[in-house]
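Scroll down for the structure; my scribbles are underneath it.
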Amino acid sequence: MLRIECPYCGPRDHDEFRYGGDASVVRPTHDDADFEAWYRYVFVRENPAGPHREYWQHVMGCRQWLVVGRDTRNHEIAAVRSAREPRA
């Protein structure tokens, strides 16, 4: 069972969370009219084997969005922080 250490609620089973996508993708600016930039943002994703940053929401708890550093090969979680904190 995957356990996520919520900074607000403590360690919880992954069943309490919902995956929210790749946290390493940078969204184009709102007024960016470049079709290719928006296409890449919405549809083009990497499928890494190894360390990866992901968004997760604690839907059965504090409802906060988190950035989880997880290794996709063994599901080991290296770090968890609030998504409100600035990018490192």
Side-chain angles (χ1 to χ4, degrees):
M1 167 94 29
L2 184 64
R3 301 273 292 175
I4 297 175
E5 178 84 30
C6 177
Y8 304 103
C9 305
R12 299 289 193 266
D13 290 338
H14 80 283
D15 294 348
E16 292 189 17
F17 297 84
R18 294 295 174 261
Y19 177 76
D22 185 347
S24 64
V25 176
V26 178
R27 184 178 194 263
T29 60
H30 183 65
D31 58 351
D32 189 347
D34 180 15
F35 175 81
E36 285 300 316
W38 281 101
Y39 178 83
R40 285 188 308 276
Y41 172 72
V42 174
F43 296 109
V44 179
R45 294 286 188 260
E46 295 291 322
N47 189 12
H52 187 58
R53 289 182 320 153
E54 305 167 330
Y55 285 118
W56 288 77
Q57 185 186 21
H58 194 181
V59 294
M60 300 296 233
C62 60
R63 304 200 48 85
Q64 294 296 311
W65 281 96
L66 308 173
V67 175
V68 176
R70 183 176 67 91
D71 190 317
T72 60
R73 294 171 295 198
N74 59 13
H75 301 295
E76 182 178 317
I77 295 178
V80 179
R81 67 172 176 81
S82 170
R84 294 175 185 249
E85 294 177 20
R87 288 180 186 248

Hey, can you pull the donor-acceptor pairs under 3.5 Å for the side chains in residues 56-64, sequence neighbours left out?
unit_1 : atom_1 : unit_2 : atom_2 : d
W56    : NE1    : E54    : OE1    : 3.0
Q57    : NE2    : R63    : O      : 3.2
H58    : NE2    : E16    : OE1    : 2.6
R63    : NH1    : V59    : O      : 3.3
Q64    : OE1    : R84    : NE     : 3.3

Sequence-distant partners of D71, salt bridge (charged side-chain N to carboxylate O under 4.0 Å, His left out), two or more places apart
R73

Using the salt bridge (charged side-chain N to carboxylate O under 4.0 Å, His left out) criterion, which residues pair with R3? Sequence neighbours excluded.
D13

List the residues meeting ring-ring contact (aromatic ring centres under 6.0 Å, His included) with F35, not counting sequence neighbours, and say none if there are none.
none

Among residues at least two apart in sequence or on other chains, which ones pass ring-ring contact (aromatic ring centres under 6.0 Å, His included) with W38?
Y41

So salt bridge (Lys or Arg N to Asp or Glu O under 4.0 Å) across residues 32-41, not counting sequence neighbours, yields none

Restricting to pairs with a member in residues 18-29, which pass salt bridge (Lys or Arg N to Asp or Glu O under 4.0 Å), not counting sequence neighbours?
none

Single-linkage hydrophobic cluster, 4.5 Å side-chain cutoff, Y39 and V25 together:
yes

Closest heavy-atom contact between S24 and H52?
OG-CE1, 4.5 Å

So which atom in L66 and which in P7 form the shortest heavy-atom distance, rounded to 0.1 Å?
CD2-CD, 3.6 Å

Return the set of residues passing side chain to side chain donor-acceptor pair (under 3.5 Å) with S82 (not counting sequence neighbours), or none when no residue passes.
Y8

Sequence neighbours excluded, which residues qualify as side chain to side chain donor-acceptor pair (under 3.5 Å) partners of H75?
R70

If the condition is side-chain contact (heavy atoms from CB on, under 4.5 Å), which residues does E46 pass it with, not counting sequence neighbours?
P48

Does a sphere of radius 6.0 Å around CG in N74 hold more than 12 heavy atoms from other residues, nucleotides or ligands, not counting ones at 6.0 Å or beyond?
yes

Hey, what else clusters with V26 if you join Ile, Leu, Val, Met, Phe, Trp, Tyr whenever side-chain heavy atoms sit under 4.5 Å?
none

With ILVMFWY side chains joined below 4.5 Å, transitively, what does W65's cluster contain besides itself?
Y55, V67

Rounded distance (nearest 0.5 Å) linking atom CZ of R12 with atom CG of L2:
14.5 Å

